[in-house]
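Each remark here refers to the structure printed beneath this line.
Numbers here simply count residues along the sequence, with the first being 1. Just so you know, ligand 1 is whichever comes first in the structure, and atom 1 is the first atom listed for that ligand.
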Amino acid sequence: MKENAKKVVIIVPTYNERDNIKALIEKLQTQFETMPHRMHILVVDDHSPDGTAAIVRQCQTRYPNLHLMGGKKDGLGAAYIRGMRHALENIQADVVFEMDADFSHKPEDVPRLMSEIDAGADFVIGSRYVKGGSIPGNWGLLRRLNSFFGNMAARYIAGIYQIQDCTAGFRAIRTSLLCRIDFKRLRVQGYAFQVALLHAAVSAGARIKEIPVSFIDRKYGDSKLGLSDIIEFIFNVWWLRLQSSKTFIRFGLVGAMGVFVNLGFFTLFLTMGMNKFIASPFAIELSIISNFLFNNFWTFRQRKTKDRIRIKGLKFNLVSVLTLGVSYSTFVGLSFAFPNIAPQLHQLFGIIPGMLINYLLNSYWTFKHVEDRDSDADKLKINKHCDWKCSKREDDPQHLSIGDI
Ligand code: GDD
Ligand code: MN
């Protein structure tokens with residue numbers, strides 16, 4: 001009966017969890033008995049000096065669904081990435097869980113997270129910050145502030161506005177979603193992984209669901225969160241912000257360069273003795289052409305446009321003529337209104353309305369992004385991105401996404 005059931009791997013990273021791991025494994029196994037899924041546990045232990053791995057090996061004699069992998073201690077994120085890859089490639093998991101070893105996440109909550117996956121979610125978060133969820137009442141001010149600001153930074157700097165608990169470490173994730181994420185681009189080692197993975201999931205259009213959980217403080221052992229994790233976290237949220245504003249930043253740079261091209265040619269033509277009323281449109285046209293080339297091959301390179309380059313070129317020409325008209329009439333108007341100031345200033349103020357119109361029309365018309373998330377070409381590209389051996393794939397219509405400004 002269980003043959004067709006989903007295969008689920010609970011990934012538990014451990015570092016010095018000698019006093020917790022055995023009890024957690026046993027508690028989880030009891031929980032599994034109530035579940036219809038094919039449940040597994042994968043402990044990712046970074047050669048803990050306290051002998052955590054030996055305890056897991058002992059348990060393995062009793063539980064054939066208990067897996068153990070070791071590795072170098074590179075941080076929580078690195079351990080999860082290794083564990084997820086293993087669960088996908090060697091255990092053929094349909095779903096993976098992230099879970100702490102220290103009982104901060106209750107084994108009794110596993111079925112609740114899993115039932116959201118069964119209901120269609122790709123990414124379920126055991127959330128402390130939705131209604132009904134909680135953090136321990138005895139948390140000191142510093143710990144509360146740390147958690148609060150961490151989440152605020154993830155939401156308002158990294159841009160994951162729609163999620164309340166972005167740093168949560170209790171999650172259920174479909175592996176078909178993991179296959180669509182380029183792990184090489186996450187660039188994180190420590191706790192920042194939680195935010196980086198969530199951000200990538202949102203960008204991939206995952207169906208995300210938060211359900212309330214109560215986070216319990218550990219009784220045995222210590223937290224492994226270190227200063228380097230906090231530093232990486234701060235860099236990571238800004239890095240994510242930069243990534244999602246990339247198109248906007250690039251367009252600004254191309255625009256700024258266009259100003260120099262425009263004024264440079266204008267000055268060149270003037271020194272060649274050309275009449276300023278003729279030099280102006282030529283300089284405008286040259287800057288428009290250089291802007292188009294940079295925008296086409298750099299700024300909007302990632303956009304999937306429906307037109308061929310020929311049609312895009314035609315549209316671009318139309319936009320250019322309009323831009324030229326707008327810039328030139330501004331130039332002429334200003335030249336007559338303020339005849340005593342340098343013509344470069346008239347030309348400069350002509351660029352501004354021209355550039356705005358140029359951006360809007362090119363962004364929303366010439367280079368308009370067409371959503372075809374489920375097309376074969378798209379899937380091929382995703383497969384190429386991900387070097388994990390993803391054999392399973394499901395249809396994942398877009399649900400939530402972080403907009404590209
Ligand atoms: N393999 C491995 N390598 N495991 C690690 C490492 C590492 O470098 N660092 C931590 N772990 C394991 C711990 O042994 C534990 O099982 C789990 O990862 C969580 O580590 P804790 O040190 O207990 O984390 P925490 O309680 O400070 O943080 C929890 O809450 C955060 C949000 O407030 C975790 O759930 C985090 O994931 C979460 O972001
Ligand atoms: Mn903990």
Open item on the list: Strictly under 2.8 Å, how many protein N, O or S atoms lie near the Mn ion (ligand 2)? Waters don't count.
Closed with: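 With waters ignored, the protein N/O/S count below 2.8 Å is 1.
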Could you tell me whether some N/O pair between [X] and ligand 1 is separated by less than 3.5 angstrom?
{"X": "Val12", "answer": "no"}
{"X": "Tyr15", "answer": "yes"}
{"X": "Asp45", "answer": "no"}
{"X": "Trp139", "answer": "no"}

Open item on the list: Pair Asp307, Thr305 - check side-chain hydrogen bond (donor to acceptor under 3.5 Å, both in side chains), show working.
Closed with: CA-CA 6 Å; Asp307 300 323; Thr305 50; over 6 Å; no
Specify the protein heavy atom at minimum distance from [atom]: its residue, its atom name, and the distance to 0.1 Å.
{"atom": "atom 12 (C) of ligand 1", "result": "Pro13 O, 3.3 Å"}
{"atom": "atom 21 (P) of ligand 1", "result": "Tyr191 OH, 3.3 Å"}
{"atom": "atom 13 (C) of ligand 1", "result": "Glu17 OE2, 3.2 Å"}
{"atom": "atom 18 (O) of ligand 1", "result": "Leu76 CD1, 3.2 Å"}
{"atom": "atom 32 (C) of ligand 1", "result": "Arg128 NH1, 3.4 Å"}
{"atom": "atom 25 (P) of ligand 1", "result": "Ser223 OG, 3.8 Å"}
{"atom": "atom 35 (O) of ligand 1", "result": "Asp100 OD2, 2.5 Å"}
{"atom": "atom 2 (C) of ligand 1", "result": "Asp46 OD2, 3.3 Å"}

- [ ] Answer with yes or no whether the side chains of Asn358 and Asn362 bring together a donor and an acceptor at under 3.5 Å.
- [x]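 Distance-only check passes for Asn362 and Asn358.
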Per-atom contacts of ligand 1 with [X], taking only distances under 4.0 Å to non-hydrogen atoms:
{"X": "Arg218", "result": "21 (P), 22 (O), 23 (O)"}
{"X": "Gly169", "result": "35 (O), 37 (O)"}
{"X": "Asp102", "result": "23 (O)"}
{"X": "His105", "result": "35 (O)"}

TODO: Look at atom CH2 of Trp298 and say whether more than 12 heavy atoms of other residues, nucleotides or ligands are closer to it than 6.0 Å.
DONE: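 Yes, enclosed.
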- [ ] Please indicate whether Phe282 has more than 12 foreign heavy atoms, meaning atoms of other residues, nucleotides or ligands, lying under 6.0 Å from its CZ.
- [x]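 No, because the 6.0 Å sphere around CZ of Phe282 holds 12 heavy atoms or fewer from other groups.
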- [ ] Provide the closest heavy-atom pair for Leu88 versus Cys179 in the form atom of the first, atom of the second, distance.
- [x]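 Of all heavy-atom pairs spanning Leu88 and Cys179, the closest is CD2-SG, 3.9 Å.
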Task: Contact check, Gly75 vs ligand 1, heavy-atom distance below 4.0 Å - done: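 It does; at least one heavy atom falls under 4.0 Å.
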- [ ] May I ask whether Glu98 places a heavy atom under 4.0 Å from ligand 1?
- [x]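 No, that is not the case, since the closest heavy atom of the residue is not under 4.0 Å from the ligand.
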Task: Inter- and intrachain pairs under side chain to side chain donor-acceptor pair (under 3.5 Å), touching residues 220-233, at least two apart - done: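 Listed by first then second residue: Glu17-Lys224.
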TODO: Would you mind listing every side chain to side chain donor-acceptor pair (under 3.5 Å) that reaches into residues 278-287, with sequence neighbours excluded?
DONE: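 Listed once each, the pairs are Ser280-Gln347.
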What part of [X], side chain from CB on, backbone N/CA/C/O, both or neither, has a heavy atom under 4.0 Å from ligand 1?
{"X": "Lys73", "result": "side chain"}
{"X": "Ala79", "result": "side chain"}
{"X": "Gln194", "result": "side chain"}

Do any N or O atoms from the side chain of [X] and from the backbone of [Y] form a donor-acceptor pair under 3.5 angstrom?
{"X": "Thr271", "Y": "Leu268", "answer": "yes"}
{"X": "His346", "Y": "Phe338", "answer": "yes"}
{"X": "Arg38", "Y": "Ala5", "answer": "yes"}
{"X": "Asp94", "Y": "Lys7", "answer": "yes"}

Task: NZ or CZ of Arg303 within 45° of Phe367 ring axis and under 6.0 Å - done: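 Because its charged atom misses either the 6.0 Å distance or the 45° angle limit, Arg303 does not stack over Phe367.
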Open item on the list: Using a strict threshold of under 4.0 Å (side-chain N to carboxylate O), is an ion pair present between Arg180 and Asp122?
Closed with: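 No.
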- [ ] Please state whether the rings of Tyr80 and Phe193 are parallel, tilted or perpendicular, taking 30° and 60° as the class boundaries.
- [x]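 Tyr80 vs Phe193 ring planes: parallel.
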Open item on the list: Parallel, tilted or perpendicular: which one describes the rings of His105 and Phe170, with boundaries at 30° and 60°?
Closed with: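 Judged by the thresholds at 30° and 60°, the geometry between His105 and Phe170 is parallel.
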TODO: Report the residues that fulfil ring pair (Phe, Tyr, Trp, His ring centres under 6.0 Å) with His40, sequence neighbours left out, ordered by chain and then residue number.
DONE: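 Listed in chain order: His67.
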Open item on the list: Please state which option from Asn146, Ile11, Thr167 has its nearest heavy atom closest to atom 38 (C) of ligand 1.
Closed with: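 Answer by nearest heavy atom: Thr167.
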Task: Phe316 vs Asn295 side-chain heavy atoms within contact, under 4.5 Å - done: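 Not touching, per the 4.5 Å side-chain cut-off.
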